[in-house]
Protein chains: 2
Amino acid sequence: MSPEHTETAPNLVERLRHAGLRPTRQRVALANILFSSGHRHVTAESLHDEAVSAGVPVSLATIYNTLHQFTDAKLLSQVVVDATRTYFDTNTNDHHHFYCEDDSSLIDIEGEHIAVSGVPTPPKGSKVDRVDVIVRLRRH
Amino acid sequence: MSPEHTETAPNLVERLRHAGLRPTRQRVALANILFSSGHRHVTAESLHDEAVSAGVPVSLATIYNTLHQFTDAKLLSQVVVDATRTYFDTNTNDHHHFYCEDDSSLIDIEGEHIAVSGVPTPPKGSKVDRVDVIVRLRRH
DNA sequence: ATTTGTGCAAATCGTTTGCATCTGA
DNA sequence: TCAGATGCAAACGATTTGCACAAAT
């Protein structure tokens, strides 16, 4: 078989195992879609469409389960920019986003580029978990 | 009557008028709740509960309408921190937020305190509309 | 064999909408 | 008067859940 067909990327299977997730057919297929080509931003629905188009008929419920499991396992990060849609990002490094309100698209901004200074001390009893910067864009 | 009872703050009526909104019973009552005591963060539901408790039986639909009208009129700003809930903030100045994931609470960080540097040039055809910084907190 | 994942359809949650009724200028 | 607001209930879209079935170890 040509590598394209066998391209189930064995390292993905390992990656799932390390994350404590059984490498099931669906999870491997979704991991393959998500992690095979650079960083990506998806919604549950867009990933579902993509999987179905790719001949992997997963149900939407499984997509949601999988996205959350991957997020818990730190394979994905969740990006909250829009109250109506949840985005997942395959880039789990410290980084930020441009969000274009006109077409609801996300663009990564690598962490090194942006510096946030002057964050006040958090209230007693809490610690900073993460700092999200969203640069909202409009067409002009 | 004591000032507490007459506290329909006539300036609120003016404020609504200036925003092009008819000062109806409900709008004035909600504006009164929102703008009478320092800056506040509310959700549609929390404001609804509060209004009802205060003896102003508005419907939830009207709460949503009003929150959006106030937002369009720049009397409120919308804060997107949580995919499941929409928050509205009576502080419409440039500022940022602490968001405590444990109890879903918001705390303002005044704009002067935080500086964001190194934002890359936005893609051709778009301009920066707003930069949101969310400092996510966890109990430790 | 046992545990864990999956699919489906129904349930849920926050939010929006349609429409008849009311109200402020 | 009459455009604009409101309330209600139904519609909605995204997400979640319950449960019977299927697959992985």
Side-chain angles (χ1 to χ4, degrees), chain A residues 8 10 12-33 41-52 54-73 75-76 78-88 104, chain B residues 8 10 12-33 41-52 54-73 75-76 78-88 104:
Chain A
T8 311
L12 284 180
V13 173
E14 263 326 289
R15 214 160 150 192
L16 292 179
R17 281 226 167 74
H18 274 124
L21 297 169
R22 295 216 307 222
T24 64
R25 201 192 316 299
Q26 290 85 337
R27 294 214 269 233
V28 173
L30 295 177
N32 200 40
I33 292 175
H41 302 110
V42 301
T43 62
E45 209 170 68
S46 77
L47 181 58
H48 184 240
D49 291 351
E50 203 173 337
V52 170
V56 184
V58 248
S59 75
L60 194 50
T62 298
I63 296 281
Y64 276 105
N65 287 338
T66 304
L67 286 172
H68 287 137
Q69 289 155 353
F70 283 13
T71 301
D72 291 345
L75 298 175
L76 291 176
Q78 205 168 349
V79 186
V80 182
V81 280
D82 182 319
T84 65
R85 232 183 303 276
T86 301
Y87 292 84
F88 292 87
S104 303
Chain B
T8 310
L12 283 181
V13 172
E14 264 327 289
R15 213 161 151 192
L16 293 178
R17 280 224 169 75
H18 274 124
L21 298 169
R22 293 217 308 225
T24 63
R25 200 191 318 301
Q26 291 84 338
R27 295 214 268 235
V28 173
L30 294 178
N32 200 40
I33 292 175
H41 300 109
V42 300
T43 63
E45 209 170 66
S46 77
L47 181 57
H48 184 241
D49 290 351
E50 204 175 336
V52 170
V56 185
V58 248
S59 75
L60 194 50
T62 297
I63 295 281
Y64 276 106
N65 286 339
T66 304
L67 286 172
H68 288 137
Q69 289 155 351
F70 283 14
T71 301
D72 291 345
L75 299 175
L76 291 177
Q78 206 169 347
V79 186
V80 181
V81 281
D82 183 318
T84 65
R85 232 182 305 276
T86 300
Y87 291 84
F88 293 86
S104 302

What's the spacing between [X] [atom1] and [Y] [atom2] if we round to 0.5 Å?
X	Y	atom1	atom2	value
Thr43(B)	Leu47(B)	OG1	CG	8.0 Å
Leu30(B)	Leu76(B)	CG	CG	10.0 Å
Leu75(B)	Leu16(B)	CG	CG	7.0 Å
Tyr87(B)	Leu67(B)	OH	CG	13.5 Å
Ile63(B)	Gln26(B)	CD1	CD	9.5 Å

Below 4.0 angstrom from OP1 or OP2 of [N], is there any side-chain N or O of [X]?
X	N	value
Thr62(B)	dT6(D)	no
Gln26(B)	dT23(C)	no
Gln69(B)	dG4(D)	no

message: Would you say the ring centers of His68(A) and Phe88(A) fall short of 6.0 Å from each other?
response: yes
Give the rounded distance in Å between these two atoms: [atom1] of [X] and [atom2] of [N].
X	N	atom1	atom2	answer
Ile63(B)	dT16(C)	CD1	P	13 Å
Arg27(B)	dA25(C)	CZ	P	10 Å
Asp82(B)	dC13(C)	CG	C1'	13 Å

- request: For each nucleotide in nucleotides 13-25 of chain D, reading 5' to 3', give B when a protein heavy atom comes within less than 4.0 Å of its base, S when such contact involves only the sugar-phosphate, and - otherwise.
  value: -SBBB------SS
